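One structure is given below, encoded as structure tokens.
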Amino acid sequence: MASTLLWLSVLLQMILIISSGLTIPSDQPSFDQNYAVTWGGNHVSFLNQRSEVQLSMDQSSGSGFSSKLGYGSGFFHMKIKIPNKDSAGVVTAFYMSSNTSNHDELDFEFLGNKEGKPITLQTNIFTNGHGNREQRIYLWFDPTADFHDYKILWNPYQVAFFVDETPIRVFKNLTSRGVEYPSQAMQIIASLWDGEDWATDGGQTKTNWSQAPFTAQFQGFAVDGCISPPGSSASSCSSPGLWWNAASFRELDSSQNTAYQNVRKKYMTYDYCSDKQRFPVLPPECAMQNTR
Ligand SMILES: *[C@@H]1O[C@H](CO)[C@@H](O)[C@H](O)[C@H]1NC(C)=O
Ligand SMILES: *[C@@H]1O[C@H](CO)[C@@H](O)[C@H](O)[C@H]1NC(C)=O
Ligand SMILES: *[C@@H]1O[C@H](CO)[C@@H](O)[C@H](O)[C@H]1NC(C)=O
């Protein structure tokens with residue numbers, strides 16, 4: 001009797017080991033759980049039990065996907081490998097958008113380049129339909145060689161963009177001082193598209209179609225966000241009980257701030273807040289953003 005039980009327990013453990021080998025780890029849900037293809041379906045392919053997606057672009061189409069739900073706050077992320085070799089004109093985008101007429105939007109845009117020349121990472125922020133808040137940096141690694149984690153923290157206190165653990169941009173909630181702040185539910189979107197009119201050398205370097213198809217890979221389809229239907233206000237997502245709204249996420253800590261200032265000093269190539277030709281009167285947030 002005892003030996004039968006022992007064998008049963010061994011058998012059960014073997015079944016558990018075998019079945020766990022077949023399932024996707026819970027921190028890497030399959031694409032379909034939270035996302036759906038929204039553009040260029042025949043230019044999208046799936047790898048590793050749909051825990052990785054490849055977007056491709058050629059002269060006939062680019063491609064993209066979007067979260068099925070909208071979110072009103074959260075700490076969003078995507079692991080991305082940018083197209084390699086000659087990718088001039090090619091834009092890889094990972095962003096949040098409310099998709100409304102006066103839209104809120106938070107953008108990561110990787111601007112491709114000729115082989116051997118650095119990829120620019122541009123960020124932008126739209127509030128109530130108003131954008132024109134571009135910042136650009138070079139990265140301290142080759143984003144075409146490996147996956148890196150690109151993250152957007154959005155809570156009632158700040159929007160912060162991170163590359164892996166390093167903050168590269170902060171946009172504080174300064175509504176009390178008259179600056180607009182994203183307040184509408186947003187969906188998470190990723191796409192690969194032709195931006196040859198503007199993306200590389202201000203549009204002078206065009207996409208070299210003989211290098212097509214261009215491909216980018218995406219992983220990490222878990223979502224840490226507060227669900228809020230597209231078209232709704234984000235106001236139901238401000239609870240301090242949500243971990244990304246907790247005190248430690250309301251501003252950068254001192255080591256994050258040191259890392260952030262270092263990025264601004266060493267890697268920033270453009271900041272709308274320094275562009276006095278474009279803005280003879282700088283936008284109001286410029287004087288308020290980069291102080292703690
Ligand atoms: C945005 O809205 C348009 C028009 O309503 C729709 O066709 C499109 O699929 C929406 N995009 C996303 C990402 O939901
Ligand atoms: C921005 O902060 C104000 C308080 O200053 C708050 O009332 C508002 O809800 C915040 N906005 C968002 C979208 O969280
Ligand atoms: C486009 O790519 C082809 C194939 O590698 C190369 O021969 C050609 O010089 C490239 N054109 C430009 C304008 O860089």
Side-chain angles (χ1 to χ4, degrees), residues 56-59 70-76 83-91 95-100 102-107 111-119 124-131 133 144 152-161 169-188 194-215 224-252 283-285 287-289 291-292:
S56 88
M57 181 184 94
D58 58 24
Q59 226 159 345
Y71 300 91
S73 66
F75 203 166
F76 308 94
N84 62 6
K85 304 203 182 113
D86 182 348
S87 64
V90 181
V91 178
Y95 62 110
M96 315 268 317
S97 177
S98 65
N99 202 21
T100 49
N102 57 334
H103 72 301
D104 291 342
E105 189 176 299
L106 307 170
D107 296 318
L111 312 182
N113 212 338
K114 290 275 182 204
E115 188 166 10
K117 289 194 171 179
I119 306 275
N124 200 1
I125 295 170
F126 286 76
T127 55
N128 192 33
H130 304 130
R133 295 192 177 94
T144 74
I152 301 172
L153 171 66
W154 170 42
N155 64 28
Y157 310 93
Q158 63 174 345
V159 170
F161 293 79
R169 179 165 193 174
V170 174
F171 187 82
K172 294 174 187 171
N173 178 345
L174 297 165
T175 50
S176 63
R177 296 166 73 179
V179 180
E180 290 172 337
Y181 188 74
S183 64
Q184 307 171 69
M186 293 191 266
Q187 280 170 279
I188 310 162
D194 180 25
E196 69 171 3
D197 291 346
W198 65 279
T200 309
D201 304 325
Q204 290 175 64
T205 304
K206 303 294 182 191
T207 303
N208 185 344
W209 293 107
S210 72
Q211 303 279 344
F214 305 95
T215 61
D224 292 310
C226 169
I227 294 166
S228 183
S232 73
S233 147
S235 60
S236 63
C237 288
S238 59
S239 160
L242 298 165
W243 63 259
W244 51 84
N245 290 343
S248 57
F249 293 91
R250 294 178 190 179
E251 60 175 16
L252 301 186
E285 70 270 20
M288 311 173 201
Q289 279 301 340
T291 49
R292 285 187 78 217

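All residue numbers in this chain count up from 1 along the given sequence. Computed from a predicted model, the values in this text were never measured in an experiment. Numbering of ligands and ligand atoms starts at 1, following listing order.
In terms of protein heavy-atom proximity, atom 5 (O) of ligand 2 is nearest to T175 OG1, 4.0 Å. Atom 1 (C) of ligand 2 has its closest protein heavy atom at N173 ND2, 1.5 Å. Closest to atom 6 (C) of ligand 3 among all protein heavy atoms lies N208 ND2, 4.2 Å. With hydrogens left out, the protein atom closest to atom 3 (C) of ligand 3 is S210 OG, 3.2 Å, a heavy atom.
Put simply, the side chain of D107 never gets that close to the backbone of Y95: no donor and acceptor are under 3.5 Å apart. Checked by atom type and distance alone, the side chain of S183 never pairs as donor or acceptor with a backbone atom of S235 at under 3.5 Å. A distance-only check finds no donor-acceptor pair linking the side chain of D58 to the backbone of P213 [under 3.5 Å]. At distances below 3.5 Å, at least one donor-acceptor pair connects side-chain atoms of E196 with backbone N or O atoms of T207. Side chain of N173 to main chain of Q158: no donor-acceptor pair is present (N/O by atom type, distance under 3.5 Å, no hydrogens or angles).
Within ligand 2, the atoms closer than 4.0 Å to a non-hydrogen atom of P182 are 13 (C), numbered from 1 in the order shown. Using a 4.0 Å cut-off to heavy atoms of S183, the atoms of ligand 2 that qualify are 13 (C).
At least one heavy atom of K114 sits closer than 4.0 Å to an atom of ligand 3.
Ring geometry for F75 versus W243: interplanar angle of 30 to 60°, hence tilted.
Atom 9 (O) of ligand 2 is never approached by the protein to below 4.0 angstrom, counting heavy atoms only. Under the 4.0 Å distance rule, the nearest protein heavy atom to atom 14 (O) of ligand 3 falls inside the cut-off.
Contact annotation: for Y157 versus ligand 2, there are no heavy atoms closer than 4.0 Å.
Under the 3.5 Å distance criterion, with hydrogens and angles disregarded, a donor-acceptor pair is assigned to the side chains of S210 and N208.
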